[in-house]
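This report refers to the structure that appears directly beneath it.
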Amino acid sequence: MLETIYSIRKIYFLILAGIGVPVNLLAIVILSRGKCGLSTCTTRYLVAMAMADLLVIITEIILWRISYYYFPGSFLYITPVCSVISVLSRTATDSSVWFTVTFTFDRFVAICCQKLKTKYCTGKTAALVPATTCFLFCSKNIPFYFIYEPEVIIDNVPWGCAVKPSCYTDPGWVGFDWFDTVLTPFIPFVLILLLNALIVRHILVTSRARKGLRGQSKGGNHSDPEMESRRKSMILLFTISGSFILLWLVYVIEFLYYNITGTDAGDYNNSEIIFLQVGFMLQNLSCCTNTFIYGATQSKFREQVKSLVKYPVTSIIQLMNKENN
């Protein structure tokens, strides 16, 4: 069974890279044009999320996973190189997760905190928050460069990235690893659930009040443009948040199991190893889903995709017509 899951992983990561790179590039291009009917804040957060997801695909999937399976012994496995890749991969993953948190918080402020909205929900803030988040996590992950040692030295060149044995016993490293895991994804998981619950509660209360004011509670059928706009925004937010929660759920359960039971991952039985590997696979899948969510929930995003796909064809047809004339 374990051999089967590892064989599936080899193909799975190839497919993930083949889909993840183009769909995230597509999302970045379309969202950057600002023609999807979204606010500047929302657009900038979504672009930041797509860029972080793309970096996860490149560093974690292509440079780490795929190179391990298909290019063993390449220069990527020189110890300093794979150490840098590890730091970049962790930074990209942290940023991808926390951009989802910052986006959710931005929508929470926009919906539930009207006084703070004018100061916080601005294009400047939407650029500053992701940039600061990325810088902080890049700084936080620098220590991971020093946890590796060479597996073998050939002609004075260190190859491979083996975690130093002291990292499993040294209190400082053990504490740092625990802090890293709690920071991503446990705290984001809790924050996203909490913020979404508060948003839902606020919307229900506000909706009842507005229906009462507009006479809908007495059977009227008046349209409410503001509530309709909020509804569309909430569909996007809840779909992104829900996707994150579902795809990271197995990883979070494994994290809780690991810490509550005190079972060492090296002593896992086959079922526990399979559960762990499935968690990693679903976690990586989360970097490919947002573009499909935009397409499913945003009609203007779909229109932009169609326009982008048709553009090369229409350009060729126009060029041919000019030549014929």
Q: Verify the cluster assignment for Ile28 and Ile30: are they in a single hydrophobic cluster under the rule of side-chain heavy atoms below 4.5 Å apart?
A: yes
Q: Have a look at Tyr45 and tell me which of Thr104, Leu31, Asp106, Ile240 forms a side chain to side chain contact (heavy atoms under 4.5 Å, CB included) with it.
A: Asp106
Q: Measure the shortest side-chain to side-chain distance between Leu236 and Leu46 over non-hydrogen atoms and say whether it is less than 4.5 angstrom.
A: yes
Q) Passes side chain to side chain contact (heavy atoms under 4.5 Å, CB included), Ser39 versus Arg107? Steps please. A) CA-CA 11 Å; Ser39 67; Arg107 293 300 86 200; 4.1 Å; yes
Q: Heavy atoms only: give me the nearest Leu195-Phe108 pair and the separation to one decimal.
A: CD2-CG, 3.9 Å
(Q) Within the structure provided, determine whether Ile273 and Tyr6 are in side-chain contact (heavy-atom separation under 4.5 Å). (A) yes
Q: Measure across Pro165 and Glu149 and return the closest heavy-atom pair with its distance rounded to 0.1 Å.
A: CD-OE2, 3.6 Å
**Q.** Smallest separation among heavy atoms of Thr59 and Ser89, with atom names
**A.** OG1-CA, 3.4 Å
Q | Ser307 side chain to Gln304 backbone, donor-acceptor under 3.5 Å | A | no
Q. Is it true that a side-chain atom of Tyr12 and a backbone atom of Met281 form a donor plus acceptor pair closer than 3.5 Å?
A. yes
Q) Roughly how far, to the nearest 0.5 Å, is CG of Leu88 from OG of Ser83? A) 11.0 Å
**Q.** Expected output: side-chain Thr125 to main-chain Cys121 donor-acceptor under 3.5 Å
**A.** no
(Q) Would you say that more than 12 heavy atoms from the other residues, nucleotides or ligands in this model lie under 6.0 Å from the CD of Gln114, or not? (A) yes
Q.
What I'd like to find out is whether the side chain of Phe275 reaches to under 4.5 Å of the side chain of Val278, using heavy atoms alone.
A. no
Q) Considering all heavy atoms of both residues, which atom of Arg302 and which atom of Ala296 are nearest to each other, and what is their separation? A) NH1-O, 3.4 Å
Q. Less than 4.5 Å apart, any side-chain heavy atom of Met49 and any of Pro130?
A. no
**Q.** Main-chain N/O of Lys10 paired to Tyr70 side chain as donor or acceptor, under 3.5 Å
**A.** yes
Q. When the aromatic ring centroids of Phe280 and Tyr251 are compared, is their separation below 6.0 Å?
A. yes
Q: Verify the cluster assignment for Phe292 and Phe99: are they in a single hydrophobic cluster under the rule of side-chain heavy atoms below 4.5 Å apart?
A: no
Q: Run the numbers on Leu16 and Arg65 for side chain to side chain contact (heavy atoms under 4.5 Å, CB included), then give the verdict.
A: CA-CA 11 Å; Leu16 209 59; Arg65 306 286 185 183; over 6 Å; no
Q. Counting only heavy atoms not in Tyr120, do more than 12 fall under 6.0 Å of its OH?
A. yes
Q. Short question: side chain of Asp155, backbone of Val157 - any donor-acceptor pair under 3.5 Å?
A. no
Q: Using a 4.5 Å cut-off on heavy atoms from C-beta on, say whether the side chain of Thr169 contacts that of Val174.
A: no
Q | Stepwise side chain to side chain contact (heavy atoms under 4.5 Å, CB included) test for Val47 and Met51 | A | CA-CA 6 Å; Val47 169; Met51 293 177 67; 3.9 Å; yes
Q) With the threshold set at 4.0 Å, does a side-chain nitrogen-carboxylate oxygen contact exist between Arg90 and Asp180? A) yes
Q: Would you check if the side chain of Lys35 reaches a backbone N or O of Lys300 as a donor-acceptor pair within less than 3.5 Å?
A: no
Q) So do Val97 and Phe189 actually touch side chain to side chain, heavy atoms under 4.5 Å? A) no
(Q) Heavy-atom count check: over 12 atoms from other residues, nucleotides or ligands less than 6.0 Å from Lys140 NZ? (A) yes
Q) Roughly how far, to the nearest 0.5 Å, is CG of Asn284 from CH2 of Trp64? A) 13.0 Å
Q) Stepwise, does the side chain to side chain donor-acceptor pair (under 3.5 Å) test hold for Thr289 with Ser243? A) CA-CA 8 Å; Thr289 56; Ser243 172; 3.3 Å; yes
Q | Hydrophobic cluster identity match, Ile235 and Ile203, side-chain contacts under 4.5 Å | A | no
**Q.** Contact summary for Cys134 and Ser95, nearest pair of heavy atoms
**A.** CA-OG, 3.8 Å
Q) Under 3.5 Å, side chain of Ser96 to main-chain N/O of Ala92, donor-acceptor pair present? A) no
(Q) Ring centroids only, cut at 6.0 angstrom: are Tyr77 and Phe71 within range, meaning strictly under it? (A) no
Q. Do the cysteine sulfurs of Cys161 and Cys82 sit under 2.5 angstrom from one another?
A. yes
Q: Find the distance between SG (Cys287) and CD1 (Ile61) and round it off to the nearest 0.5 Å.
A: 7.0 Å
Q | Name of the residue among Ile85, Val56, Val21 meeting side chain to side chain contact (heavy atoms under 4.5 Å, CB included) with Ile62 | A | Val21
Q. Hey, does Phe105 have a side-chain heavy atom less than 4.5 Å from the side chain of Leu191?
A. no
Q. Which is it for Cys288 and Ile57 under the side chain to side chain contact (heavy atoms under 4.5 Å, CB included) test, yes or no, and what are the steps along the way?
A. CA-CA 9 Å; Cys288 299; Ile57 296 293; 3.8 Å; yes
Q: Rounded to the nearest 0.5 Å, what's the gap from CD1 on Ile19 to CG on Leu14? Could you check?
A: 11.0 Å
**Q.** Side-chain donor or acceptor of Trp248 paired with backbone N/O of Ser286 under 3.5 Å
**A.** no
Q) So Tyr294 and Phe301, would you call those rings parallel, tilted or perpendicular, with 30° and 60° as cut-offs? A) perpendicular
Q. For Thr184, does its backbone N or O pair with a side-chain atom of Asp94 as donor and acceptor, under 3.5 Å?
A. no
Q) Without hydrogens or angle criteria, can the side chains of Ser166 and Trp173 be said to hold a donor-acceptor pair below 3.5 Å? A) no
Q | From Ile111 atom CD1 to Ile199 atom CD1, the distance as rounded to the nearest 0.5 Å | A | 5.0 Å
Q. Are Leu63 and Phe75 connected in the hydrophobic side-chain network, where two residues link if heavy atoms are under 4.5 Å apart?
A. yes
**Q.** Approximate separation, where rounding is to 0.5 Å, of Leu237 CG and Ile293 CD1
**A.** 10.5 Å
Q. According to a 4.5 Å side-chain heavy-atom criterion applied to Ile, Leu, Val, Met, Phe, Trp and Tyr, with indirect links allowed, do Phe186 and Leu136 form part of one hydrophobic cluster?
A. no
